[in-house]
J.: 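Mind looking over this structure? Questions follow.
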Amino acid sequence: MRVAIIDYGSGNLRSAAKAFEWAAANSGVRANIEVTSDPEQVALGDRIVLPGVGAFADCRNGLYAIAGMREALQTQVIEKGRPFLGICVGMQLMASIGREHASTPGFDWIKGEVIKIKPDDPELKVPHMGWNTLELKHDHPLFAGIATGKQGLHAYFVHSYHMEVENGADLLSTTGYGGQITAAVARNNYAGLQFHPEKSQALGLKLISNFLHWSP
Amino acid sequence: MLKARIIPCLDVRDGRVVKGVNFVNLVDAGDPVECAKAYDKAGADELCFLDITASHENRGTMLDVVRRTAEECFMPVTVGGGVSRVEHVRALLLAGADKVAINTAAVNNPDFVREAAEKFGSQCIVVAIDAKQVSGEGEPLRWEIFTHGGRKATGIDAVEFAKEVVEKGAGEILLTSMDRDGTRKGFNLELNRAITGAVGVPVIASGGVGTLQHLVEGVRDGHANAVLAASIFHFGEYSIREAKEYMDKQDVPVRLDY
């Protein structure tokens, strides 16, 4: 199996690549994990991962600056149905529009917009930074074998914006931070995580394994 | 619910941990990567490396430490020490650091914080503030920023400075009380409250931890979002698990799922 992790200059992908390698090796998947900025390599990927840190518009512009990348993603994920995982801003880019600083269109794969977190408790700080538990909205292969709920495993978050989805069916998981914050979205063969699985120890590695075994 | 974070801090000089970590049988207790792995396994919520390498030539050793750590530890890592240029931030992030702490350079040139935050995002820019009380007895409490390990006064008010760097894009404040650092008398809670009340970003309390009760107080009374400690963990006095169970019993929410 080839897993393409898209490198478009948005931060370090070493931990992401290493976490995917670890998860593959420890869940019986023979996977070739490739960090690439080449749309042709992305097209060869059996699974596609889009990480991302920083601001929505910067990430989108960086991604679109690579000739052919936008088309490769659309073809592979939407037309050919390759399993896709967006992480942090990579997940946010799946939305219709991002409202960080300016309004910037996203892929429009998940109807919704990326808006600033506004906790209803003024004592709560933004960024939402640290370990939080997850509420699962419905069963999904990505969360198979992962304990969720108040007594469940924790995921590591660091973000100031989150995706507000239009269609409730796309909402896979939320986390509580002065209200409900979107933690994961999923539709058809594509899913996105607001938290960092590559930094979330047991939960993250299990989730990555599940993604590698996922056959949507 | 978001949990309070416990962050062990390792001082690294020329690629080696100063004094080492002695709570488990490590083959090489001075190897920062070995120590990081031990803390990862012990359930630390984040790890902080502070590079105290003196000579400019040896600063590259930290990048190698960060690189090797990122390959084996799937937890967030913050790196600080001598970060004064955008290229330093970039090199550390590319090596695998999740966050970079800026200290003296933020004092000398607060716009550096803005530059770094605009380039890499506020989520990875921590400003490390070293503050010392300057108000006398009976006067309203006041703290000033000190540099050079607490030796050099700057005349800058700590609360005003915290507000300024957050306005410029800092995503987190690492607050060290120079009055308490190394004393084991507990955090300076008044200082902590003054800073957390003045800024909207998370604050890590540092300096003075000697007991588990101090960790509880940092969060409960100092309103810190995370607590940083070194010696009480490094020498096996308390384990991360013991610290968390103690905090949990005192109703400080912590992560115990590892």
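First the proteins, then the strands, lettered A, B, ... as listed; each starts at 1.
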J.: Above 12 or not: heavy atoms from other molecules or residues under 6.0 Å from CZ of A:R70?
T.: no
J.: In terms of heavy-atom pairs under 4.5 Å, which option from B:R5, B:Q123, B:E71 contacts chain A the most?
T.: B:E71
J.: Is it the case that more than 12 heavy atoms not belonging to B:E87 sit under 6.0 Å from its CD atom?
T.: yes
J.: Let me know if B:E118 has heavy atoms under 4.5 Å from chain A in its side chain, its backbone, both or neither.
T.: backbone
J.: Write down the atom of A:T133, the atom of B:M1, and the distance for their closest heavy-atom approach.
T.: OG1-N, 3.5 Å
J.: For B:R67, is it the side chain, the backbone, both or neither that has a heavy atom under 4.5 Å from a heavy atom of chain A?
T.: both
J.: Tell me, side chain or backbone of B:K99 under 4.5 Å from chain A's heavy atoms, or both, or neither?
T.: side chain
J.: Where along residues 174-183 of chain A does a heavy atom come under 4.5 Å of chain B, listed by residue number?
T.: A:G176, A:Y177
J.: What part of B:T69 gets closer than 4.5 Å to chain A, counting heavy atoms only: side chain, backbone, both or neither?
T.: neither
J.: What's the separation between atom CG in B:D257 and atom CG in A:L153, rounded to the nearest 0.5 Å?
T.: 5.0 Å
J.: Mark yes when over 12 heavy atoms from residues, nucleotides or ligands other than B:R85 sit less than 6.0 Å from its CZ; otherwise mark no.
T.: no
J.: Given that the side chain runs from C-beta out, which part of A:L203 has a heavy atom under 4.5 Å from chain B: side chain, backbone, both or neither?
T.: neither
J.: Check whether A:A19 gets within reach of chain B through its side chain, its backbone, both or neither, counting any heavy atom under 4.5 Å.
T.: both
J.: Side chain from CB out, backbone as N, CA, C, O: work out which of these in B:D40 comes under 4.5 Å of a heavy atom of chain A, or both, or neither.
T.: both
J.: If I compare all heavy atoms of B:P202 with all of A:M129, which pair ends up nearest, and what's the gap?
T.: CG-CB, 4.0 Å
J.: Would you say A:W131's side chain and B:D45's backbone share a donor-acceptor pair under 3.5 angstrom?
T.: yes
J.: Relative to chain A, which segment of B:A117 carries a heavy atom at a distance below 4.5 Å: side chain, backbone, both, or neither?
T.: neither
J.: Side chain, backbone, both or neither: which part of A:H159 has a non-hydrogen atom closer than 4.5 Å to chain B?
T.: neither
J.: Under the criterion side-chain contact (heavy atoms from CB on, under 4.5 Å), which of B:L2, B:T196, B:V201 is the partner of A:K125?
T.: B:T196
J.: Which one of B:P76, B:G43, B:A97, B:C73 has the most heavy-atom pairs closer than 4.5 Å to chain A?
T.: B:P76
J.: Around atom CG of A:D139, are there more than 12 heavy atoms from other residues, nucleotides or ligands closer than 6.0 Å?
T.: no
J.: What heavy-atom pair brings A:Y156 and B:E46 nearest, and what distance separates the two atoms?
T.: OH-OE2, 3.4 Å
J.: Measure the spacing between CZ of B:R255 and CG of A:N132 and express it to the nearest 0.5 Å.
T.: 12.0 Å
J.: Identify the two heavy atoms, one from A:R14 and one from B:A70, that lie closest to each other, and give their separation to 0.1 Å.
T.: CD-CB, 4.3 Å
J.: To the nearest 0.5 Å, what is the distance between CD on B:E72 and NZ on A:K18?
T.: 9.0 Å
